[in-house]
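What follows is a set of notes on a single structure, which appears directly below.
Treat the numbers as computed from the prediction; the structure is a model and nothing was measured. Indexing begins at 1, ligand by ligand and atom by atom, following the structure's order.
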Amino acid sequence: MLALADSSLLKDAPYINGEWVRPADADLLPVTNPATGAELVSLAQAGREHAVAAIEAADAALPAWSALPGKERSKRLRDWYDLIVANVDDLARILTAEQGKPLPEARGEILYGAAFFEWYAEEAKRVYGETIPAPSPDQRLLVLRQPIGVCAAITPWNFPMAMIPRKAAPALAAGCTMVLKPASATPLSALALAELAGRAGIPPGVFSVVPGRASVVGDELVANPIVRKVTFTGSTEVGRMLMAKAADTIKKVSLELGGNAPVLVFDDADIDVAVQGAVASKFRNMGQTCVCANRIYAQAGIYDEFVERFSKAVSALTVGDGFDEGVEQGPLIDEAAVQKTEEHLSDAVAQGATVVAGGSRHALGGTFFQPTVVSGATPSMLVAHEETFGPLAPVFRFETEEEAIKLANDTEYGLASYFFTRDNARIWRVGEALEFGIVGVNTGIFSYEGAPFGGVKASGIGREGSHHGIDEFLEIKYLCVAGISA
Ligand code: ADP
């Protein structure tokens, strides 16, 4: 049993219309700790009828919630934020237990996620409209921004907590209601958040959580005509399917999909900063984030020095159970994740890459994997085209800036990119040439609730965070008022 200061945060059933629903004949799913295999809870999964009930409750709650003054919605969101912060230790323990990331990283994720409630609590008061100079003295033209309605959110396992406020905070601030389906591997953080939503005075039906089978619950959320908006974070493959399905009922969609992030290290970079940035980007969450560096390109003049210093830093990372002191790398989420990393590694080695750090499963067994670096990577390797989503860093060599930009952009994806240089003019040239929604310049970390996060090309549609994030949950209404001078 997971030790918590407040054990009522550990839930094992869907949260629908403000109530915990655990039918006697529920479809049970064991939720396990990936570091130990131990069962944390036996989860009662939601079925299609539960998804429908949650959607109908969201629809029923919509008029009152959207009619509340922004200032009042703001207060509830702020209370939710305060409760998350007050319970950060328990929430971090739940997150590490279900997902595996080291406890300090889990804590960081909770606070990062919570900050979206803080930020959008303020934004709830600022859903401004517009006036437009009329073409005739008889008219007044106005633009209202109104909540889109009932929203469905589908979230992945790599950030079991933070992906939720990125969606729920702007949606609720805008006056929408939401039904959320968390990933089956990691439903517990979402359920703990729901418990705190109730305590914060978020009314029944405004935020429901329905963990369950993707093919049943996920399908209902995307197909149901009451739902007006689907916001999804996950793979491009699933995102494409959801977008096609949402087309049947012309739902608005926001999609945060896969990436294949390049890191460019130029000859004029501060190598220490580049090494630090590349490690931070590549090995966050054991390489399991959609903004993790997937391809590292180092310029010929500093290639050998970069590879040496980078592989030394990677070899020094401490692998272990996320609850253990000093651990920087936990287990991978499951065996399939380990196999994908192995497949990319063996393909790179077969095509001539050299292992310079790590290179195999970790002695700890299970799904632990050594943080790995290979040098001599080439464009024909799998690692150049596919997102590894694991702790494998391939280092490619390039000669010119032009070549680096071409290589970086040579992907169907366009989420995050990074580059390191001390040349001011190059910062602008490369920053503007990279075809990605996010560019980190001389840093491996950029996430902030006040900045827009999202991708171009096959990496998605829409933005989360910042004042742009709330637009995803608002419709524009044009009011043309005539007869003024009559
Ligand atoms: P990941 O494995 O990185 O989490 P996925 O795209 O497989 O990425 O899953 C992301 C989320 O989408 C999860 O909550 C998953 O259950 C859900 N999902 C997967 N397939 C479907 C589907 N066909 N319909 C609705 N949701 C789905």
message = Show the nearest heavy-atom pair for residues Pro156 and Gly234, with the distance to one decimal.
response = CB-CA, 4.5 Å

request  = Would you mind checking if Arg48 and Asp219 are paired as a salt bridge, meaning a charged N to carboxylate O distance below 4.0 Å?
outcome  = yes

Nearest neighbour of atom 5 (P) of ligand 1 from the list Ser235, Ala223, Ser184, Pro156, on a heavy-atom basis = Ser235

message = Can a side-chain donor-acceptor contact be found between Thr231 and Glu472 if the only test is distance below 3.5 angstrom?
response = no

task = Have a look at ligand 1 and work out which part of Thr155, if any, has a heavy atom under 4.0 Å from it: side chain, backbone, both or neither.
result = backbone

message = Only heavy atoms of Ala183, strictly under 4.0 Å: list the atoms of ligand 1 that pass.
response = 14 (O)

ask   = Nearest to atom 23 (N) of ligand 1, what protein heavy atom do you find, and at what distance?
value = Met241 CE, 3.1 Å

key: Heavy-atom nearest option to atom 4 (O) of ligand 1, drawn from Phe159, Phe389, Trp157   = Trp157

inquiry  = Tell me whether atom 9 (O) of ligand 1 lies less than 4.0 Å from at least one protein heavy-atom position.
reply    = no

task = Please step through side-chain hydrogen bond (donor to acceptor under 3.5 Å, both in side chains) for the pair Arg73 and Tyr120, ending with a clear verdict.
result = CA-CA 10 Å; Arg73 287 198 301 273; Tyr120 282 106; over 6 Å; no

query = How far is atom 24 (N) of ligand 1 from its nearest protein heavy atom, and which residue and atom is that?
reply = Leu242 CD2, 3.4 Å

query = For ligand 1, which part of Lys245 has a heavy atom less than 4.0 Å away: the side chain, the backbone, both, or neither?
reply = neither

ask   = Do NZ/NE/NH1/NH2 and the carboxylate oxygens of Arg93 and Asp89 come within less than 4.0 Å?
value = no

ask   = Which protein heavy atom lies closest to atom 18 (N) of ligand 1, and at what distance to 0.1 Å?
value = Ala214 CB, 3.5 Å

ask   = So, Glu342 and Arg361, do they make that salt bridge, N to O below 4.0 Å?
value = yes

inquiry  = side-chain hydrogen bond (donor to acceptor under 3.5 Å, both in side chains), that's the test. Do Ser8 and Arg199 meet it? Break it down for me.
reply    = CA-CA 12 Å; Ser8 64; Arg199 293 185 199 173; 3.0 Å; yes

inquiry  = As a quick check of understanding, evaluate side-chain hydrogen bond (donor to acceptor under 3.5 Å, both in side chains) for Gln351 and Thr378, giving each step before the final call.
reply    = CA-CA 8 Å; Gln351 294 198 52; Thr378 59; 4.6 Å; no

query = Does the N or O separation between Thr233 and ligand 1 drop below 3.5 Å for any pair?
reply = no

request  = Around atom 17 (C) of ligand 1, find the nearest protein heavy atom and jot down its residue, atom name and distance.
outcome  = Ile154 CG2, 3.6 Å

key: atom 16 (O) of ligand 1: the protein heavy-atom neighbour that sits closest, reported with distance to 0.1 Å   = Lys181 NZ, 2.8 Å

ask   = Is there a side-chain hydrogen bond (donor to acceptor under 3.5 Å, both in side chains) between Gln288 and Asn158 once you walk through the steps?
value = CA-CA 6 Å; Gln288 303 171 116; Asn158 60 343; over 6 Å; no

request  = Could you tell me the residue and atom name of the protein heavy atom closest to atom 12 (O) of ligand 1, and the distance to it rounded to 0.1 Å?
outcome  = Phe232 CE1, 3.2 Å

